[in-house]
Amino acid sequence: MIEFRALTSDDLGLLSGWLAEPHVAQWWGEPLSLAAVEAKYGPRIRGEQPTEVFVVTDAEESIGLIQRYRFRDDPASVAALKPAEIETASAAGIDYFLGDTASTGHGVGATMIDRFTLRLFTDLSDIERVLATPHPANHASRRALEASGYRLVWIGELDRTDIDRNEIDRNDPSGASAAAVYVRERPQAL
């Protein structure tokens, strides 16, 4: 049973280990030390930054991470998406990974994304669409998005001209320049 719980400071060691896993580091960048994980995720845990981060659990075992943010709270992501010409005023973004290698390749990612997206729509009534921007070569992530009801709307290079390259978070997939942009619209029933 896939569930989500808020990331806590007790999870930072686990998160640091996941970020060092080759299948995660390939897309999220260089592994972070425990101190660097605390520096990045501590403000999110304490509510000092608007990105909400969750640990994904399956039968109460921690298996991955998923986070959400409103685009209106992230001007750099809005600017980066200019070439895609996608409406972001009522949009949220998600980033995710399965850190537990035993959970990969079995459809868990698609289930995780689907359930989290439905929860996002329930929790955030002002959000009309959810976007995900995996690297175009990340075929596992793209398959999981498609299996969870997302549709591909654009592939290309994001606009990073307004961003100081030193400020791009190397351990965040949104820091990449190439992206496959996927969208899932709010269901009529919600």
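Given the structure is predicted, the values throughout are model-derived calculations rather than measurements.
Under a 3.5 Å cut-off, the side chain of T104 and the backbone N or O of T101 do form a donor-acceptor pair. Although no hydrogens or angles enter the test, the distance criterion places a donor-acceptor pair under 3.5 Å between the side chain of H23 and the main chain of L98. Between the side chain of T88 and the backbone N or O of A91 there is no donor-acceptor pair closer than 3.5 Å. Judged purely by atom type and a 3.5 angstrom limit, T111 uses its side chain to pair as donor or acceptor with the backbone of G107. Of the possible polar contacts, one joining the S16 side chain to the L32 backbone as a donor-acceptor pair under 3.5 Å is found. A donor-acceptor contact shorter than 3.5 Å is absent between the side chain of R5 and the backbone of E60.
Note that the CG atom of L19 and the CD atom of E30 stand 11.5 Å from one another [nearest 0.5 Å]. Note: I113 CD1 to L118 CG = 12.0 Å, rounded to the nearest 0.5 Å. The CE atom of M1 sits 9.5 Å away from atom CG of D58, with the distance rounded to the nearest 0.5 Å. Separation of atoms CD1 (I63) and OG (S103) is listed at 4.0 Å; rounding is to 0.5 Å. Of the inter-residue distances, the one linking D74 atom CG with L81 atom CG reads 9.5 Å to the nearest 0.5 angstrom. With rounding to the nearest 0.5 angstrom, the CG atom of N138 is 12.5 Å from the CZ atom of F97.
Taking 4.0 Å as the cut-off between side-chain N and carboxylate O, R46 and E38 count as a salt-bridged pair. The pair D123-R68 meets the salt-bridge criterion, with a side-chain N (NZ, NE, NH1 or NH2) lying under 4.0 Å from an Asp/Glu carboxylate O. Between R129 and E87 no salt bridge is recorded (no basic side-chain N to carboxylate O distance below 4.0 Å).
The aromatic rings of H135 and W27 sit tilted relative to each other, their planes meeting at an angle between 30° and 60°.
The two residues A39 and P43 come nearest to each other via the heavy atoms O-CD, 3.2 Å. The minimum heavy-atom distance between A147 and A110, with the atom names listed, is CB-CB, 3.7 Å.
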Inset, instruction - Would you check, one step at a time, whether the test side chain to side chain contact (heavy atoms under 4.5 Å, CB included) holds for R44 with L7? - result: CA-CA 9 Å; R44 295 174 188 186; L7 181 73; over 6 Å; no

Inset, instruction - Apply side chain to side chain contact (heavy atoms under 4.5 Å, CB included) to the pair W154 and T133, showing each step before the final yes or no. - result: CA-CA 10 Å; W154 184 81; T133 58; over 6 Å; no

Inset, instruction - Before giving the answer on side chain to side chain contact (heavy atoms under 4.5 Å, CB included), spell out for L158 and K82 the whole-Å C-alpha distance, their side-chain angles and the decisive distance to 0.1 Å. - result: CA-CA 7 Å; L158 299 174; K82 283 181 196 174; over 6 Å; no

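Two residues are said to be in side-chain contact when any heavy atoms from C-beta on lie closer than 4.5 Å; V56 and S62 fail this criterion. Counting heavy atoms from C-beta outward, V181 and L152 have side chains that stay 4.5 Å or more apart. Between I94 and L120, the closest side-chain pair of non-hydrogen atoms falls below 4.5 Å. Looking at heavy atoms from C-beta onward, I66 lies out of side-chain contact with D95 at the 4.5 angstrom threshold. D114 is listed as a side-chain neighbour of R184, based on a closest heavy-atom distance under 4.5 Å. Here the side chains of V53 and Y41 are in contact, with some heavy-atom distance below 4.5 Å. Within the 4.5 Å cutoff, the side chain of D11 has heavy atoms near those of the T8 side chain.
Among Y150, F121, F54, the one residue that satisfies the ring pair (Phe, Tyr, Trp, His ring centres under 6.0 Å) test with F116 is F54.
Defined by atom type and a distance below 3.5 Å, a donor-acceptor pair is missing between the side-chain atoms of R186 and S90. A donor-acceptor pair shorter than 3.5 Å can be found between the side chains of S141 and Y96. There is a side-chain donor-acceptor pair under 3.5 Å between R142 and Y182. In this structure, a donor-acceptor pair under 3.5 Å is absent between the side chains of T57 and E3.
Qualifying ring-ring contact (aromatic ring centres under 6.0 Å, His included) partners for F71, counting only residues two or more places apart in sequence or in other chains: Y69.
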